[in-house]
**Student:** 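Here you go, one structure.
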Amino acid sequence: MIATVLVGADVAVPGVIDTALQSVRPVRGTEAPVTSPAWEQVPPYRRHVTVCRGPRCSARGAEQIWTALADGLRQRGLKDTEVLMCAATCMFPCNQAPVVAVQPDDVWYGRIGPAEVEELIEVHLVAGTPVDGARIR
């Protein structure tokens with residue numbers, strides 16, 4: 001059986017478990033596969049952006065950075081072959097959280113906020129020039 005509701009729920013609230021049990025469904029073997037031939041090789045890309053989603057970066061807004069970055073790339077029509085986004089559980093340096101790294105340029109950004117994401121996309125990911133303001137040296 002798969003419980004589809006408990007994630008993030010406050011189980012101390014009366015009725016939460018009963019509600020979750022109503023949404024339990026049996027595993028039928030028709031779920032999405034864990035592997036695929038499409039996932040066998042490293043995909044081609046021009047730049048690889050890794051957003052730290054570790055505990056400190058998450059506490060300092062990594063999810064908003066991820067969303068702003070994904071939305072900005074999508075709005076510009078940039079595909080994974082141009083900018084491949086990935087999340088990491090912890091990248092260090094945690095005092096610079098949230099942290100974003102751009103490869104193969106070996107450029108790291110810290111204390112970046114959603115407002116800086118637009119500049120990062122336009123100046124670095126599209127035009128190819130690292131942004132000095134939020135860069136970790």
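Model, not experiment: these values are computed from the prediction.
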**Student:** Considering all heavy atoms of both residues, which atom of Ala101 and which atom of Met91 are nearest to each other, and what is their separation?
**Tutor:** CB-CE, 3.6 Å

**Student:** Would the distance check show the side chain of Glu40 and the main-chain N or O of Ala38 forming a donor-acceptor pair, the cut-off being under 3.5 Å?
**Tutor:**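 No; zero donor-acceptor contacts below 3.5 Å.
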
**Student:** With a 4.5 Å cut-off on side-chain heavy atoms, are Leu78 and Val126 touching?
**Tutor:** yes

**Student:** So that I can tick it off, tell me whether Asp132 and Arg137 are bridged by a salt bridge, with the cut-off set at under 4.0 angstrom between side-chain N and carboxylate O.
**Tutor:**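 Counted as a salt bridge, because a side-chain N and a carboxylate O are separated by less than 4.0 Å.
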
**Student:** Mind checking side-chain contact (heavy atoms from CB on, under 4.5 Å) for Arg111 and listing every partner two or more places apart, or none if nothing turns up?
**Tutor:**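 Arg111: side-chain contact (heavy atoms from CB on, under 4.5 Å) contacts with Gln96.
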
**Student:** side-chain contact (heavy atoms from CB on, under 4.5 Å) with Glu119: which residues, sequence neighbours excluded?
**Tutor:**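 Once residues adjacent in sequence are excluded, the partners of Glu119 under the side-chain contact (heavy atoms from CB on, under 4.5 Å) criterion are Val123, Val131.
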
**Student:** So, are Glu118 and Arg76 salt-bridged, with charged N and O less than 4.0 Å apart?
**Tutor:** yes

**Student:** Which value, rounded to the nearest 0.5 Å, describes the distance between Leu69 atom CG and Ile65 atom CD1?
**Tutor:** 8.5 Å

**Student:** Going by ring pair (Phe, Tyr, Trp, His ring centres under 6.0 Å), name the residues that satisfy it together with Phe92, two or more places apart in sequence or in a different chain.
**Tutor:**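 With neighbours one apart ignored, the set is empty.
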
**Student:** Please round to the nearest 0.5 Å and tell me the distance separating atom CG of Leu73 and atom CG of Leu84.
**Tutor:** 10.5 Å

**Student:** Determine whether Trp108 and Val99 make a side-chain contact, defined as any pair of heavy atoms from C-beta on separated by less than 4.5 Å.
**Tutor:** yes

**Student:** Do Pro130 and Tyr109 have side chains that approach each other closer than 4.5 Å (heavy atoms only, starting at C-beta)?
**Tutor:**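 The answer is yes, as the side chains (C-beta and beyond) meet within the 4.5 Å cut-off.
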
**Student:** Run the salt bridge (Lys or Arg N to Asp or Glu O under 4.0 Å) test on Arg135 and Glu116 for me, step by step, so that the C-alpha distance in whole Å, both residues' side-chain angles and the decisive distance to 0.1 Å come before the verdict.
**Tutor:** CA-CA 11 Å; Arg135 193 169 176 182; Glu116 289 83 21; over 6 Å; no

**Student:** For residues 45-54, dump all side-chain donor-acceptor pairs below 3.5 Å to protein atoms at least two apart in sequence or in another chain.
**Tutor:**
{"residue": "Arg46", "atom": "NH1", "partner": "Leu125", "partner atom": "O", "Å": "3.3"}
{"residue": "Arg46", "atom": "NH2", "partner": "Leu125", "partner atom": "O", "Å": "3.0"}
{"residue": "Arg47", "atom": "NE", "partner": "Asp105", "partner atom": "OD2", "Å": "2.6"}

**Student:** Mind checking what makes side-chain hydrogen bond (donor to acceptor under 3.5 Å, both in side chains) contact with Gln103, not counting sequence neighbours?
**Tutor:**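 By the side-chain hydrogen bond (donor to acceptor under 3.5 Å, both in side chains) rule, Gln103 matches no residue at all.
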
**Student:** Just jot down the side-chain contact (heavy atoms from CB on, under 4.5 Å) partners of Thr30, sequence neighbours excluded, or say none.
**Tutor:** Arg28

